[in-house]
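Structure first, then comments.
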Amino acid sequence: MIEGIIAALIGVGLGAGGTVAYSKNKVDGSKQKADQALAKAQEKASQIVLKAKDEALQLENERRKELKKTETRLLDRETTIDKKLDDLDKRANKLRGQEDEVEKLKDDIRDVRKKQQEKLEKIAKLSKTDAADKLMQMTERDIKNDMMGLVAKLQKDAMDDAEERAQTIILTAMERMSSEVTAERTVTALKLTDDEMKGRIIGKEGRNIQSLQRATGVDIMVDDTPGMVVLSSFDPIRRQVARLTLEMLMKDGRIHPGRIEEVVEKAHKQIEKETKQAGEDAAREVGVTGIPREMLQLLGELKFRTSYGQNVLMHCTEMAHLSGMIAEEIGADVRTVKIATLLHDVGKAVTHKIEGKHHHIGGELARKYGMKEEVAHAIEAHHDDVEATTPEALCVRVVDALSAARPGARNISAENFVERMRDLENIATGFKGIDKAYAISAGREVRVIVKPENIDDLSAIKLSRDIANKIESTMQYPGTIKVNVIRETRAIEFAK
């Protein structure tokens, strides 16, 4: 039993020793193979490094060759440029020398011409200026008659053609312009719904009507015409505010001083908005821009102003269309003409506030608000008391006459006009010492001629003031009326 175990142990020991010897041999073989592989890799790496070095050397050599070629090319170009610069310097020096020669030749020529002129003046015994004057006189004498005949012929032809051409231009413009024949009128009277409404407007002890008159600045008459309320004021805006106020009060039915002030304020705002819109619409319709806001506001107020039944704003817009057509035909400034015609009557909006004729006021307003002098002059000269010095001003004057004279534009009768002129003359002749009196400028001026033996210079001044006061107290008129008293002394004697 023991022997068997010992034999088994000996067998196990021999097997383990053989295994260890086998493993050691295998490890030695693997190490040898690894060393061989490492040696091969090192050899291959050395070959790659050597090859890379060779390629780098080749690239460096090629780059050096290219740099050398570039350097050579630049040196050649620099040499060429230096040569060209030398040539240019030589040419510039040559040109400077030639310029000096030319200047010297010019000086020589001037000296020669001066000597020749002196010799000619000495021979002719005339200076250059005298010779030129004499030549002009001879030429003028020779052709003067022919020139006078030619000028006369051209003037005659121009006069013959001017009237026909003017008629053609005006007729063409009138044919192209179409507008309403009858214009609206400002409403100055309101119809009452019943007699009770009249009492409510008057109020207890006249409180309501007095409040209305104070708030609007308009005279309100309820007893003159049955069933009507008449509004009287030279200010068209106040009259419109009063009209609108009464309409709103009668529609609402509540009429008392507190309510009146509230409604008047509301009517003021509505009329102001309406006038501003009317001015902007008129400018837009005519096709002009750049008009100052203040002038557009005054233009819109003309919507409520009439002249002999013709609405002034409609009159202005109609004129602007006509003037644009005529200005285009005659070569005038269309924009200036349109603006001037649109604003020519803007002074009428403030004639009740500013003393003077409306065209003078309009011109001053245009200057005040920074408009061009051409526009201001055209506005100022559309009546005969200021001379029109530009084609634009003449154009405004012509179309003003066209628009006013159009059939149906104004409803004033000859009898009413003559009656107004007669009243002015009768007021003037009613004073003592008056020789003759004439109403002129459509009733805007009264010219009074006094007897010099009855009226002295100081009395003439007082007389003009007395006549003006009587006109103010007895007549109603828009704008102003000029009273011109003339005193003349003549000394006459006959030689026999």
Are any of the side-chain heavy atoms of [X] and [Y] separated by less than 4.5 Å?
{"X": "E262", "Y": "K266", "answer": "no"}
{"X": "C316", "Y": "L302", "answer": "yes"}
{"X": "V337", "Y": "V399", "answer": "no"}
{"X": "Q270", "Y": "L244", "answer": "yes"}
{"X": "H383", "Y": "D400", "answer": "yes"}
{"X": "H321", "Y": "K338", "answer": "no"}
{"X": "M295", "Y": "L365", "answer": "yes"}
{"X": "I379", "Y": "V375", "answer": "yes"}

Exercise. Do H377 and H382 make the cut of ring centroids closer than 6.0 angstrom?
Worked result: no
Exercise. Do H344 and H315 have their ring centres less than 6.0 Å from each other?
Worked result: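 Yes; H315 has its ring centre under 6.0 Å from that of H344.
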Donor-acceptor pair, side chain of [X] and main chain of [Y], under 3.5 angstrom:
{"X": "N311", "Y": "K303", "value": "yes"}
{"X": "E280", "Y": "L296", "value": "no"}
{"X": "N426", "Y": "R422", "value": "yes"}
{"X": "R487", "Y": "P452", "value": "yes"}
{"X": "R305", "Y": "K348", "value": "yes"}

Which pair of heavy atoms, one from [X] and one from [Y], lies closest together, and at what distance?
{"X": "A282", "Y": "T317", "result": "CB-CG2, 3.7 Å"}
{"X": "A393", "Y": "A381", "result": "CB-CB, 4.4 Å"}
{"X": "G290", "Y": "R335", "result": "CA-NH2, 4.2 Å"}
{"X": "R397", "Y": "V386", "result": "NH2-O, 2.7 Å"}
{"X": "L249", "Y": "R259", "result": "CD2-CG, 3.9 Å"}
{"X": "G279", "Y": "L299", "result": "O-CD2, 4.0 Å"}

Problem set entry | salt bridge (Lys or Arg N to Asp or Glu O under 4.0 Å) partners for E374, two or more places apart |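 Testing E374 for salt bridge (Lys or Arg N to Asp or Glu O under 4.0 Å), a comparison that skips the adjacent residues, returns none.
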For this session: Could you tell me which residues satisfy salt bridge (Lys or Arg N to Asp or Glu O under 4.0 Å) with E373, sequence neighbours excluded, listed by chain and number?
Result: R367
For this session: Let me see the working for F304 and T275 under side-chain contact (heavy atoms from CB on, under 4.5 Å), right down to the final yes or no.
Result: CA-CA 9 Å; F304 306 111; T275 54; 3.4 Å; yes
For this session: Could you give me the CA-CA distance, side-chain angles and deciding distance for K106 and R110, then say whether side-chain contact (heavy atoms from CB on, under 4.5 Å) is met?
Result: CA-CA 6 Å; K106 286 182 178 180; R110 292 190 189 98; 3.8 Å; yes
For this session: For side-chain contact (heavy atoms from CB on, under 4.5 Å), just list the numbers for I461 and R465, CA-CA rounded to whole Å, side-chain angles, deciding distance to a tenth of an Å, and then say yes or no.
Result: CA-CA 7 Å; I461 297 173; R465 181 67 263 173; over 6 Å; no
Exercise. R243 and E247: salt bridge (Lys or Arg N to Asp or Glu O under 4.0 Å), yes or no, with the steps?
Worked result: CA-CA 6 Å; R243 178 187 63 80; E247 288 179 350; 3.0 Å; yes
For this session: For salt bridge (Lys or Arg N to Asp or Glu O under 4.0 Å), just list the numbers for D107 and K104, CA-CA rounded to whole Å, side-chain angles, deciding distance to a tenth of an Å, and then say yes or no.
Result: CA-CA 5 Å; D107 293 336; K104 186 176 180 181; over 6 Å; no
Distance in Å, [X] [atom1] paired with [Y] [atom2], rounded so as to fall on 0.5 Å steps:
{"X": "E328", "Y": "C395", "atom1": "CD", "atom2": "SG", "value": "11.5 Å"}
{"X": "H256", "Y": "R207", "atom1": "NE2", "atom2": "CZ", "value": "10.5 Å"}
{"X": "T216", "Y": "Q240", "atom1": "OG1", "atom2": "CD", "value": "12.0 Å"}
{"X": "I467", "Y": "K462", "atom1": "CD1", "atom2": "NZ", "value": "10.5 Å"}
{"X": "D219", "Y": "R238", "atom1": "CG", "atom2": "CZ", "value": "10.5 Å"}
{"X": "E364", "Y": "H359", "atom1": "CD", "atom2": "NE2", "value": "11.5 Å"}

Exercise. Is it true that atom NZ of K372 has more than 12 heavy atoms of other residues, nucleotides or ligands lying nearer than 6.0 Å?
Worked result: yes
Exercise. Is the number of heavy atoms from other residues, nucleotides or ligands under 6.0 Å of E387 CD greater than 12?
Worked result: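 No, because the 6.0 Å sphere around CD of E387 holds 12 heavy atoms or fewer from other groups.
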Under 3.5 Å, side-chain donor or acceptor atoms of residues 430-440 against the rest of the protein: list the pairs with distances, not counting sequence neighbours.
none

For this session: Output, in order, the C-alpha distance, side-chain angles, deciding distance and verdict of side-chain contact (heavy atoms from CB on, under 4.5 Å) for T390 and L394.
Result: CA-CA 6 Å; T390 63; L394 288 170; over 6 Å; no
Problem set entry | Pair E445 + R447, salt bridge at N-O below 4.0 Å |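 Result for this pair is yes, salt bridge flagged.
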